[in-house]
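Remember, predicted model here, so these are calculated numbers, not experimental data. Here, residue 1 is the first one in the sequence, and each next residue gets the next number.
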Amino acid sequence: MRVSRKFQKLLSFDAVESLWEHVCRWAHPVSSRRILATLDLAELARLREAYPYRPNARRINAYENAARWIGINVERAQDLWLDRTPPLRILDLGCGAGYFLYVCRFVGHEGLGLDTDEEPIFRGTTELLNVHRVVSRIHPQVPLPDLGEKFDLITGHRVCFHRLARAPNGEWDEWASADWKFFINDIRTRFLKPAGRLLLDFNPRPDGSSFFTKKLRACFLSEGARIFRSKALLAADPNQRPRFKQTRRKIDKSL
C-alpha cells in the first residue's frame with residue numbers, strides 16, 4: 001500500500017511542486033555548514049545527556065542532531081524567501097528547539113517563539129540558541145496571549161496544536177473548521193501587520209495522505225489561503241492572494 005502511494009507521488013503534481021522547491025533552493029543556496037559552525041555542538045550533546053529521551057519518543061525528533069535540524073530549517077527559510085527579503089519580525093508557533101528562529105536570525109531577521117514547556121530539552125536548546133519564547137498552549141477558539149506587538153510573518157511547522165486527543169481507534173480528534181476560522185481571524189486581527197503572512201505547514205496523516213481533507217481544503221481556501229503541498233499560506237487581508245516570493249534584497253553571495 002505504501003509502495004503504491006509512493007509510486008503515485010512520483011507521477012503526481014505534488015512531485016512537480018517538490019521539484020520546483022528544490023530548484024529554487026539550488027538557485028539561491030544558503031550554507032547550512034556556516035550556520036552549524038556557530039553552534040556549540042558539545043553543549044547540545046550535554047543537553048541530551050541531561051534530558052534523555054522520553055519512553056517511546058521517535059528518534060526522528062532527535063533535537064540535539066543540529067546538522068539535521070539546521071538543514072531542515074534552512075530549507076524552510078529558503079521556501080519563504082527569507083534569505084532574500086528585508087529584515088522581518090517573525091513569530092514561530094510551536095517553536096520547539098528554536099532552530100528555525102536561529103536560522104532566521106542568521107539571515108537577518110528577529111523573532112519570538114511560542115510553545116508549551118513540556119519538553120525540558122526545548123528549554124535548554126532555546127536558551128543555548130538565545131531564542132526568546134513565550135510559554136503558552138494554543139486552544140481551540142481561545143485567543144492567543146497578548147504579545148504586545150504585530151509581526152511580518154507568523155509560522156507554524158509540523159503543526160500539531162490542532163490535535164485534541166486520540167480516539168479509541170487511534171485516530172486524532174482534531175479542530176473543526178470553525179476552530180480554524182477562529183484561529184486565523186485571531187492571528188489576522190491581533191498579530192499580523194497589514195502586509196503580514198501566516199504560514200502553516202502540516203504533517204501528513206498516518207496513512208501518508210495529505211492533511212488537507214476535502215473539507216479542510218475548502219475551509220482554508222475560503223479564508224484566502226494559497227495551498228502548496230503540505231503548506232497553507234495566508235495574507236493578513238483575506239482578500240489578498242499571498243505569495244511565498246518576497247521583495248529581493250542584496251545578500252552575501254558566500255552564504
Which value, rounded to the nearest 0.5 Å, describes the distance between [X] atom [atom1] and [Y] atom [atom2]?
| X | Y | atom1 | atom2 | value |
| --- | --- | --- | --- | --- |
| Ser32 | Phe106 | OG | CZ | 9.5 Å |
| Ile187 | Leu234 | CD1 | CG | 10.0 Å |
| Leu112 | Phe151 | CG | CZ | 5.0 Å |
| Ile227 | Phe212 | CD1 | CZ | 4.5 Å |
| Phe191 | Leu114 | CZ | CG | 8.5 Å |
| Leu41 | Leu36 | CG | CG | 5.0 Å |

Looking only at atom types and distance, does a side-chain atom of [X] sit under 3.5 Å from a main-chain N or O of [Y], one as donor and one as acceptor?
| X | Y | result |
| --- | --- | --- |
| His109 | Cys104 | no |
| Arg190 | Leu144 | yes |
| Arg48 | Tyr51 | yes |
| Asn73 | Ile70 | no |

Do [X] and [Y] touch side chain to side chain, with heavy atoms closer than 4.5 Å?
| X | Y | answer |
| --- | --- | --- |
| Ser222 | Lys181 | yes |
| Gln141 | Phe182 | yes |
| Thr116 | Ile138 | no |
| Leu233 | Leu200 | no |
| Asp152 | Ile90 | no |
| Asn130 | His132 | yes |
| Asn203 | Val159 | no |
| His157 | Phe100 | yes |

Verify same cluster id: Val134, Ile154 (apolar side-chain graph, 4.5 Å):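 Same hydrophobic cluster.
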For the residue pair [X] and [Y], what are the closest heavy atoms and their distance?
| X | Y | answer |
| --- | --- | --- |
| Leu129 | Ala97 | CD1-O, 3.6 Å |
| Ala232 | Phe220 | CB-CD2, 3.8 Å |
| Pro140 | Leu164 | CG-CD2, 4.1 Å |
| Trp81 | Phe244 | CD1-O, 3.5 Å |
| Ala66 | Leu44 | CB-CD1, 3.6 Å |
| Lys150 | Lys193 | O-CE, 3.4 Å |

Go through it in stages, so that I can follow the logic: the residues are Arg241 and Arg226, the test is side-chain contact (heavy atoms from CB on, under 4.5 Å), and I'd like the CA-CA distance, side-chain angles, deciding distance and then a yes or no. CA-CA 7 Å; Arg241 183 75 164 162; Arg226 180 188 295 273; 3.1 Å; yes
List for me each residue that meets ring-ring contact (aromatic ring centres under 6.0 Å, His included) alongside His162, sequence neighbours excluded, and say none if there are none.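 Once residues adjacent in sequence are excluded, the partners of His162 under the ring-ring contact (aromatic ring centres under 6.0 Å, His included) criterion are Trp180, Phe202, Phe211.
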Below 4.0 angstrom, N of the basic side chain to O of the carboxylate: do [X] and [Y] qualify?
| X | Y | result |
| --- | --- | --- |
| Arg188 | Glu223 | yes |
| Arg133 | Asp115 | no |
| Glu174 | Arg205 | yes |
| Lys231 | Asp79 | yes |

Can you check salt bridge (Lys or Arg N to Asp or Glu O under 4.0 Å) on Glu49 and Arg46, steps first, answer last? CA-CA 5 Å; Glu49 292 177 4; Arg46 284 192 288 271; over 6 Å; no
List in chain and number order the residues that pass salt bridge (charged side-chain N to carboxylate O under 4.0 Å, His left out) with Arg123, two or more places apart in sequence or in another chain; answer none if no residue qualifies.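 With neighbours one apart ignored, the set is Asp117.
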If the test is side chain to side chain contact (heavy atoms under 4.5 Å, CB included), which one of Leu192, Leu80, Leu198 qualifies with Leu153?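 With Leu153 as partner, side chain to side chain contact (heavy atoms under 4.5 Å, CB included) holds for just one option, Leu80.
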With side chain to side chain donor-acceptor pair (under 3.5 Å) as the rule and sequence neighbours excluded, what pairs involving residues 88-108 come up?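 Output for this query lists Thr38-Tyr102, Arg89-Glu149, Asp92-Thr155.
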Quick check: Phe183 with Trp175 (ring centres under 6.0 Å apart)?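 Ring-ring flag for Trp175/Phe183: true, centres closer than 6.0 Å.
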